[in-house]
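Everything on this sheet refers to the single structure shown next.
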Amino acid sequence: MFAFLRLTALAALLNCGFALHAQAASAAPGEFAEQQLRHIATYFPGRMSGSPAEMMAADYLQQQFAALGFKSNTRQFNTGYRLHEASGELRWHKVTATSVIAARAGSAPQEILIVAHLDTWTPLSSSDAEHNLGGLRLQGVDDNASGLGVMLELAQQLSLRPLHYGVRFVALSAGETALGGMQDYVARMSAKEKKNTLLVVDLNSLITGDHLYFNSGGNTPRAVRKQTSERALRLAQQLGISAASHQMSAHDYNGASAFDKAGFPLLDVTASNWALGGRDGAQQRSRSTHFPDGTTRHQTDRDNLTYLDRWLPGRISLRTRDSVRVLLPLLGELTNPKV
């Protein structure tokens with residue numbers, strides 16, 4: 001029932017056209033996002049689920065949202081992961097993860113949910129540790145300080161505007177442990193919250209990949225794709241930004257989103273290259289001397305500010321700017337349709 005009501009509200013939104021809003025001139029698009037990305041990566045490395053760094057990062061995000069005028073709080077939940085012992089034994093490791101939720105209501109009860117995972121990769125075996133995958137030193141610039149930085153700039157800008165449809169920002173923990181945070185959030189949504197969620201926008205790994213993608217969920221209706229992923233591509237084209245789109249499926253990297261499985265319209269924003277490797281988005285860029293695996297995900301020695309600034313000079317500024325330049329007007333249209 002909530003899916004039908006949500007689509008009814010979306011149909012009304014889609015049929016009435018949109019009003020564009022100019023961005024505040026206090027800073028260049030993407031500047032605040034980059035500042036936040038660099039701050040989070042520098043001061044909160046090793047944001048593994050349940051770790052002190054994750055809790056401090058969550059507290060920092062909560063304070064940022066509150067300072068912007070959002071009703072904000074943290075939410076803890078129990079989750080875990082399977083740890084491969086050196087003996088070959090699999091042991092379930094329990095953790096208490098912390099997510100951050102910030103909301104600003106509109107004049108209508110419906111809202112748009114904007115999510116990004118805040119945790120970094122947790123080593124799952126001695127092999128992970130030996131290969132410098134995850135751990136206390138991992139800054140997680142691409143994965144996923146980038147999503148958090150863009151999220152905070154979107155929140156900053158949307159805090160200044162009247163809203164017809166509200167916005168809810170969620171920095172999810174346990175994104176790197178079988179997407180447990182996403183599943184927990186969906187499971188805890190009330191029937192009313194489900195009914196009133198018009199769209200989910202997922203921000204993840206925006207820097208390393210060859211192309212910026214505005215993907216649609218596998219279960220997202222065609223009419224909604226037209227005004228979300230397809231509209232994002234048109235905006236990117238008008239701005240001279242190279243972008244692409246892909247309809248997500250269970251065969252893609254990380255599998256189907258819990259939001260997609262639950263029937264929510266989904267806009268997945270990421271940087272990757274679906275033409276490479278297994279054509280599932282796992283390989284982010286062409287292989288090269290400095291990116292031999294075609295990815296920086298989970299790699300402590302590569303997914304950091306020093307490495308990315310050296311071997312992809314200017315990329316962090318470019319991608320934070322381009323992401324905001326597309327998403328801010330898109331969300332302006334979606335939150336404030338003409339009536």
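Values reported hereafter were calculated over all heavy atoms of this structure, with side chains retained and with hydrogens, waters and symmetry mates removed.
A 4.5 Å side-chain heavy-atom check between Met151 and Leu154 finds every atom pair outside the cut-off. Residues Thr296 and Tyr307 have side chains not in contact (no heavy-atom distance under 4.5 Å, counting atoms from C-beta outward). Side chains of Val326 and Phe214 form a contact here, defined as non-hydrogen atoms less than 4.5 Å apart. Side-chain contact between His164 and Pro337: present, with at least one pair of heavy atoms (C-beta onward) separated by less than 4.5 Å. In this structure, Arg225 and Gln247 have side chains that are in contact, with non-hydrogen atoms separated by less than 4.5 Å. Within the 4.5 Å cutoff, side-chain heavy atoms of Leu305 are placed close to those of Thr42. In this structure, Asp293 and Arg287 have side chains that are in contact, with non-hydrogen atoms separated by less than 4.5 Å. Contact check for Ser190 versus Glu193: side-chain heavy atoms found under the 4.5 Å cut-off.
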Dump the intermediate steps for salt bridge (Lys or Arg N to Asp or Glu O under 4.0 Å) on Asp322 and Arg319, then the final yes or no.
CA-CA 5 Å; Asp322 287 352; Arg319 282 288 168 73; 5.3 Å; no
After noting the C-alpha distance and the side-chain angles of Asp128 and Trp121, does the key distance pass the side-chain hydrogen bond (donor to acceptor under 3.5 Å, both in side chains) rule?
CA-CA 10 Å; Asp128 275 5; Trp121 182 253; 3.2 Å; yes
Would Arg188 and Asp184 count as a side-chain contact (heavy atoms from CB on, under 4.5 Å) if you check the C-alpha gap in whole Å, the side-chain angles of each, and the deciding distance to 0.1 Å?
CA-CA 6 Å; Arg188 293 168 67 168; Asp184 175 81; 3.3 Å; yes
Hey, mind stepping through Gln76 and Thr96 against side-chain hydrogen bond (donor to acceptor under 3.5 Å, both in side chains) and telling me if it holds?
CA-CA 6 Å; Gln76 291 190 320; Thr96 299; over 6 Å; no
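The only member of Thr208, Thr295, Asp210 that meets side chain to side chain donor-acceptor pair (under 3.5 Å) when paired with Asn273 is Asp210. Between Leu206 and the choices Leu37, Val141, Val150, the side chain to side chain contact (heavy atoms under 4.5 Å, CB included) rule is met once, by Val150. Each of Leu330, Val269, Leu113 was evaluated against Val201; a single residue qualifies, Val269, per the side chain to side chain contact (heavy atoms under 4.5 Å, CB included) test. For the side chain to side chain donor-acceptor pair (under 3.5 Å) criterion with Gln36, the lone passing option out of Gln64, Glu153, Glu31 is Gln64.
When the side chains of ILVMFWY residues are joined at heavy-atom separations under 4.5 Å, either directly or via intervening members, Met248 and Val186 end up in two distinct hydrophobic clusters. The hydrophobic cluster containing Leu318 does not contain Leu239, counting ILVMFWY residues as joined when their side-chain heavy atoms lie under 4.5 angstrom apart, directly or transitively.
The line from NE2 of His131 to OG of Ser125 is 9.0 Å long, rounded to the nearest 0.5 Å. Taken to the nearest 0.5 Å, the CH2 atom of Trp311 stands 12.5 Å off from the CG atom of Asp309. With rounding to the nearest 0.5 angstrom, the NZ atom of Lys226 is 15.0 Å from the OG atom of Ser216. For the atom pair CE (Met56) and CG (Leu61), the distance works out to 12.5 Å, reported to the nearest 0.5 Å. The line from CZ of Phe44 to OG1 of Thr120 is 12.5 Å long, rounded to the nearest 0.5 Å. For the atom pair Asn144 CG and Arg47 CZ, the distance stands at 8.0 Å (nearest 0.5 Å).
Of all heavy-atom pairs between Asp280 and His251, the closest is CB-O, 3.5 Å. In terms of heavy-atom proximity, Ala58 sits nearest to Leu118 at CB-CD2, 4.5 Å. Counting all heavy atoms, side chain and backbone alike, Leu152 lies closest to Phe32 at O-CE2, 3.7 Å. When all heavy atoms of Val100 and Ser72 are compared, the pair lying nearest together is CG1-OG, 4.0 Å. Between Leu266 and Asp260, the closest heavy-atom pair is CD2-CB, 4.1 Å. Minimum heavy-atom separation, Arg222 to Glu230: NH1-OE2, 3.0 Å.
In this structure, Arg104 contributes its side chain and Ala155 its backbone to no donor-acceptor pair below 3.5 Å.
Between Tyr213 and Trp274, a ring centre-to-centre spacing shorter than 6.0 Å is recorded. Taking the six-membered ring for Trp and the full ring otherwise, the centers of Tyr60 and His39 sit less than 6.0 Å from each other.
Residues Asn132 and His298 bring no donor and acceptor atom of their side chains to less than 3.5 Å of each other. When only modelled atom types and interatomic distance are considered, His117 and Asn204 share a side-chain donor-acceptor pair under 3.5 Å. Side-chain atoms of Ser272 and Gln284 include no donor-acceptor pair closer than 3.5 Å.
Annotation: Met189, atom CE; neighbour count of heavy atoms from other residues, nucleotides and ligands within 6.0 Å is above 12. By the neighbour-count criterion of 12 heavy atoms within 6.0 Å, atom CZ of Arg82 is sparsely surrounded, having that number or fewer from other residues, nucleotides or ligands.
Using the six-membered ring where Trp is involved, Phe65 and Phe70 have ring planes that are perpendicular, over 60° apart on the 30 and 60° scheme.
One finds no salt bridge joining Glu176 and Arg297 here, because no Lys/Arg side-chain nitrogen approaches an Asp/Glu carboxylate oxygen to under 4.0 Å. By the 4.0 Å N-to-carboxylate-O rule, Arg137 lies close enough to Asp301 to be salt-bridged with it.
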